[in-house]
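A quick write-up on the structure given underneath.
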Amino acid sequence: MTMRYDLLAHRILERAAVQFPRKQIITRVGEGVHRYTYADLFVRTARLGNALRELGIGAGDRVGTFAWNNYRHLEAYFAPPTIGAVVHTINIRLAPDDMAYIINHAGDKVLLIDPDLVPLIAAIADRLTTVRHFVILGEPEAAAATLPGAISYEAMLAGAAPEYRPAPVDEYTTMGLCYTSATTGLPKAVAYSHRAVYLHSMASAAVDVLALSERDRVMAIVPMFHANCWGLPYTSTLVGADQIFPGTRPDPRVICELVANEGVTFSAGVPTIWIGVLDYLQRSGVEYDLSSLRQIISGGSALPLAVLQAYRDRLGVEMIHAYGMTEAAPLISVNRRRSWLDDRSEAERLNLRAKQGVIAPGIEMQLVDENGAIIDWDGEQRGELWFRGPWVADEYVNDERSGETFSDGWYHSGDIAAIDADGYIQIVDRVKDMVKSGGEWISSVDLESAIMAHPDVLEAAVIAIPHPQWQERPLACVVPRSATSTPLTRDLILDFIQPNFARWWLPDDVVFIDEIPKTSVGKFDKKALRERFESHR
Ligand code: ADP
């Protein structure tokens, strides 16, 4: 037999401290940057672990983080797991009620809060029943009087012992907690084991998956509170890549500057981020040297082909489509071209890249119809995707709703897809976003993607609106580009997409709006749109 060697999250950091002590961690602060090394990260993480122990944190206790992407947040990704506790990354954009709910539901004992976010916590502080300490992620002066008894993070670290003393835990111990951003109902908690995060990092780094290397300079735009930051802080540390954190409220200008100044090679975020960056580049006319960018991972919602093409043609940057969810830590699939598809035509290869890709090693999937029967992978038939694997959840923590989503040993994703004979997933829609017209299903994603290919369209979301005869019909909500010369009209949009669809798929109407509302993680908020246009005829 092989030796027993538990796969522990902090072993990822131990490796970086030994193998890559001089590699860098860079955080944008104001108009400048803060820099330190993995050696520094290791010592500060040890101090944070000891400081948390001093605050009474031990095995199984929850430590909440309420912060932007920065180096202190990275320290908090590692320190609680190191001492046998759990890091709970709290979404800073949730509604106050949801925020209070998840902090109480998690039972967070300590909250680590970025200084500028303190007012959001102060507003709900009297409803937090389990929190014993508020720690402000900054110098003593940042521990403002807005939260009585708040502790300064830097003062706390300075006073803590520097010895690294990992707790004896086994690999199935919980080390992380993340809530789904609940588009309907209360957020649901997903717990990650040490083993899950370790294996997720190993698989993510692989060449046919994210292809992350020690040579990379990784900048995650996806927030550290969204689905584990797609695992990137752990995976980057495992491989020893430099990490660049965009800090407080990153906007397209900051993203472009960081890429140009720091030589970012790898970045990741939801499509709306990349649409925003492209729009900024076009409107501002500023020229940035983005040539260091080797690949951009786009995930979280469907990537319109037009965006992928624009990055390739105008910026010379490869955009890679990935798919996953909070329940899967989150990586399920990445779009890498299998060798036997190399001889496909240019057009076929482009279409392939719009798909959500092939599953990472370790993940298993099934396509299942409404009756639970397994569907063939022929690229045509559609069904719900079910997953299982070493980093897929088997329940929502303390939640009666678990049974609806986890059964028969599989996670039922609620995503409708087709899988082609080569194993490529193509997401058709979320079950709840599909348009049910006269007993047939219309994919909102396909319509949106086609509309966003129009050069004068910035963003488009398609929603179902109630219809007396057909039950539901599609309505397109379109944001025109600011600089368009010819005003967009309903007929222009419908004529543009009409060749791609059967007549009954075409939206009944097109409304032009200033902005598509976004969810707390930057996806199109279709629930908000449905409410707004409920009575549209
Ligand atoms: P939330 O549920 O809060 O939006 P998640 O990131 O966990 O946060 O959402 C996961 C869901 O997002 C998936 O189940 C799927 O519906 C959608 N999704 C993720 N990546 C993609 C993608 N590349 N294409 C289409 N949909 C995606």
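Order of listing sets the numbers, starting from 1, for every ligand and every atom in it.
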**Request:** Using distance alone, decide if ligand 1 has a nitrogen or oxygen within less than 3.5 Å of any nitrogen or oxygen in G300.
**Result:** yes
**Prompt:** Between F66 and F225, does the ring centroid distance fall short of 6.0 Å?
**Reply:** no
**Message:** Could you check whether atom CG of D514 has more than 12 heavy atoms from other residues, nucleotides or ligands sitting under 6.0 Å from it?
**Reply:** no
**Item:** Residues that D508 engages under side-chain contact (heavy atoms from CB on, under 4.5 Å), provided they are two or more places apart
**Value:** H467, R473
**Asked** If we only count N/O pairs under 3.5 Å, is A322 in contact with ligand 1?
**Response** yes
**Prompt:** Which one holds for T326 and ligand 1: side chain close, backbone close, both close, or neither close, with close meaning a heavy atom under 4.0 Å?
**Reply:** both
**Message:** Using heavy-atom distances only, which candidate in L331, T519, D415 approaches atom 15 (C) of ligand 1 most closely?
**Reply:** D415
**Message:** So, 4.0 Å and heavy atoms of G324: is ligand 1 close enough to count as a contact?
**Reply:** yes
**Message:** Using a 4.0 Å heavy-atom cut-off, which part of S520 comes near ligand 1: side chain, backbone, both, or neither?
**Reply:** neither
**Complete:** Paired with Y77, the ring-ring contact (aromatic ring centres under 6.0 Å, His included) test is passed by just one of Y71, Y192, Y234, namely Y234
**Prompt:** Any idea which of R430, M325, Q426 brings a heavy atom closest to atom 12 (O) of ligand 1?
**Reply:** R430
**Asked** By number and element, which atoms of ligand 1 are closer than 4.0 Å to a non-hydrogen atom of H226?
**Response** 5 (P), 6 (O), 8 (O)
**Message:** Tell me whether Q356 has any N or O atom under 3.5 angstrom from an N or O of ligand 1.
**Reply:** yes
**Message:** Between Q426 and K355 (side chain of the first, backbone of the second, donor and acceptor by atom type, cut-off under 3.5 Å), is there such a pair?
**Reply:** no
**Message:** Does any N or O of ligand 1 fall below 3.5 Å from an N or O anywhere on S298, backbone included?
**Reply:** no
**Asked** So which of K188, K523, K432 gets nearest to atom 4 (O) of ligand 1, if we judge by its closest heavy atom?
**Response** K523
**Request:** Please report the closest heavy-atom contact between P187 and D399, naming both atoms and the distance.
**Result:** O-OD2, 4.3 Å
**Request:** Check the surroundings of atom CE in M202: do more than 12 heavy atoms from other residues, nucleotides or ligands lie under 6.0 Å from it?
**Result:** no
**Message:** Main chain of W410, side chain of D408: is a donor-acceptor contact present, judged purely on distance under 3.5 Å?
**Reply:** no
**Request:** Pick one of side chain, backbone, both or neither for how S301 approaches ligand 1, counting any non-hydrogen atom pair under 4.0 Å.
**Result:** backbone
**Message:** Tell me every residue that passes ring-ring contact (aromatic ring centres under 6.0 Å, His included) with W68, counting only those two or more places apart in sequence or in another chain.
**Reply:** none
**N or O contact, T180 vs ligand 1, cut-off under 3.5 Å** = no
**Asked** Is the H105 to Y179 ring centre distance short of 6.0 Å?
**Response** yes
**Asked** Backbone or side chain, does any N or O of A302 fall under 3.5 Å from an N or O of ligand 1?
**Response** yes
**Prompt:** Is P330 in contact with ligand 1, taking contact as a heavy-atom separation below 4.0 Å?
**Reply:** no
**Request:** Flag E327 as yes when one of its N or O atoms lies below 3.5 Å from any N or O atom of ligand 1, and as no otherwise.
**Result:** no
**Prompt:** Would you say Y411 and ligand 1 have an N/O pair spaced under 3.5 Å apart?
**Reply:** no
**Message:** Main chain of M319, side chain of R353: is a donor-acceptor contact present, judged purely on distance under 3.5 Å?
**Reply:** yes
